[in-house]
Amino acid sequence: MSASETSKPAGAPPGSGPVGAPRRARGTHTTGPEAQQHLLRAADELFYREGVRAVGVDAVVERAGVNKMSLYRQFSSKDELVMAYLERKDAQFFGYVEKSFAKHPGEPARQLQQYFDDLAARASLEDYRGCPFVNVAVEFSDTEHAARQFVFRNKERLLARLTELATAAGADDPELLGNALALLIEGVYAASQTYRAGSGPVLAAPKAAAQLIAAACGGRSAG
C-alpha cells in the first residue's frame, strides 16, 4: 500500500476509501473466486492498516463491495479470514526477501546486506505499518492460537534462510549471525513505528548489519 493509495481527493466524503482502491458497489455480481479475491484484498488493506481485532467482518464486506453471505461462503469465520490474510502476507513477505537476495546471486554476504538496504528503504515509507506478523502477535496473546503459530512459522522460516546464507558466506558461527540479523530486523520493524518512518535507528540498520556480517565472516565486507 503506497502513500498515494492512502490519500484522498479534496472534498472527499467522510468514510470514502483511499484513491486507487475505491469501494466496489454492493450488488455487483461476482463469482466465488472473484468474491474471495475482493475480500482478501479488503482484509489485507484493513487488517494491516487498522489491526485485525479492530476490523470487523462488516468493514471487510463493505470495503470489498460484496454481501456478508459471500464472505461466509468463502470463509467459515473471521478466524479463517485472518489465516488467509496471513497466508497472503507470508507470500508477499518472502517475495520481498527473495527479490533482495536475487540481486546478488552467488554472493551470500551481499545478499544479506542487500536485504537490510531494501528493508530500511521500505521501513522509511510514510504508510509503512511495520511487520504484519509482529502486529498480529501483539494482538493475539494466546500463543496456541493458530494466528500466533503462523507467526512463529514465518519467523522460523526467515531465521533458517538467514542462517543458510550466513553459512554460505563463511560465518564463523552461522547460527549466531543468523540470530543477530533476525534481532536487527525485528528492531527495524519496531523503530519504524516508535521512532517514525525514516528515523535514525531505521537508517542505521544497514550499517549495523554490515558490521555484524564483516565481523562474523572474518572481516570480509558485504559491500
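What you see is a predicted model, and the numbers here were worked out from it, not measured in a lab.
- Evaluation of the side-chain contact (heavy atoms from CB on, under 4.5 Å) rule for A182 yields L159, L162 as partners, not counting sequence neighbours.
- Note that CG of D117 is 9.5 Å distant from CZ of R110, once rounded to the nearest 0.5 Å.
- When all heavy atoms of V61 and N67 are compared, the pair lying nearest together is CG1-C, 3.7 Å.
- When the side chains of ILVMFWY residues are joined at heavy-atom separations under 4.5 Å, either directly or via intervening members, F116 and V97 end up in a single hydrophobic cluster.
- With hydrogens and angles ignored, the 3.5 Å screen pairs a side-chain donor or acceptor of K78 with a backbone N or O of V55.
- Taking CG of L81 as the reference point, atom OG of S77 lies at 8.5 Å (rounded to 0.5 Å).
- In the hydrophobic cluster analysis, where Ile, Leu, Val, Met, Phe, Trp and Tyr join through side-chain heavy atoms closer than 4.5 angstrom, Y96 is grouped apart from L165.
- Taking 4.5 Å as the limit, every side-chain heavy atom of N154 sits out of range of all side-chain heavy atoms of L86.
- For residues 49-91, every residue pair satisfying the ring pair (Phe, Tyr, Trp, His ring centres under 6.0 Å) rule, not counting sequence neighbours, is listed here: F47-Y85.
- Judged by distance alone, with hydrogens and angles left aside, the side-chain atoms of S192 form a donor-acceptor pair with the main-chain N or O of Y189 at under 3.5 Å.
- Of all non-hydrogen atoms in A166 and P174, the two that sit nearest each other are CB-O, 3.7 Å.
- The two atoms that bring A59 and L46 nearest to each other are O-CD1, 3.6 Å, heavy atoms only.
- Closest of all the heavy-atom pairs between A169 and A109 is CB-N, 3.9 Å.
- Side-chain contact check for V134 versus K155: some heavy-atom pair is nearer than 4.5 Å.
- Here the side chains of R63 and R41 are not in contact, with every heavy-atom distance at 4.5 Å or above.
- Residues I185 and L176 do not share a hydrophobic cluster, defined by chaining ILVMFWY side chains whose heavy atoms lie under 4.5 Å apart.
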Steps toward side chain to side chain contact (heavy atoms under 4.5 Å, CB included) verdict (L112, L212): CA-CA 11 Å; L112 290 170; L212 287 169; over 6 Å; no

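- Separation of atoms CD (E34) and CG (L39) is listed at 10.5 Å; rounding is to 0.5 Å.
- Separating the CG atom in L184 from the CD atom in Q211 is a distance of 10.5 Å, to the nearest 0.5 Å.
- The list of ring pair (Phe, Tyr, Trp, His ring centres under 6.0 Å) pairs with a residue in residues 137-173, not counting sequence neighbours, reads F140-H145.
- You'll find the side chain of D142 stays beyond 4.5 Å of the side chain of R148, heavy atoms only.
- Within 6.0 Å of OH on Y195 lie no more than 12 heavy atoms contributed by other residues, nucleotides or ligands.
- Shown here for S124 and L203, the closest heavy-atom pair between the two residues is OG-CD2, 3.6 Å.
- In this structure, the side chains of K103 and D118 come closer than 4.5 Å at one or more pairs of heavy atoms.
- Looking at R153 and D90, no side-chain N of the basic residue comes within less than 4.0 Å of a carboxylate O on the acidic one, giving no salt bridge.
- In this structure the side chain of P206 reaches within 4.5 angstrom of the side chain of Q113, judged on heavy atoms.
- One hydrophobic cluster, built from ILVMFWY side chains closer than 4.5 Å, cannot hold both V138 and L183; they sit in different ones.
- Atom CG of L40 is separated from atom NE2 of H38 by 11.0 Å, given to the nearest 0.5 angstrom.
- A distance of 6.0 Å separates OH of Y115 from CG of L158, quoted to the nearest 0.5 Å.
- A donor-acceptor distance shorter than 3.5 angstrom exists from the side chain of N179 to the backbone of E175, with no hydrogens or angles considered.
- Between the side chain of D44 and the backbone N or O of R88, no donor-acceptor pair lies under 3.5 Å.
- Under a 3.5 Å cut-off, the side chain of E139 and the backbone N or O of R53 do form a donor-acceptor pair.
- Nearest heavy-atom pair, Y128 versus Q193, reported as atom, atom and distance to 0.1 Å: O-NE2, 3.0 Å.
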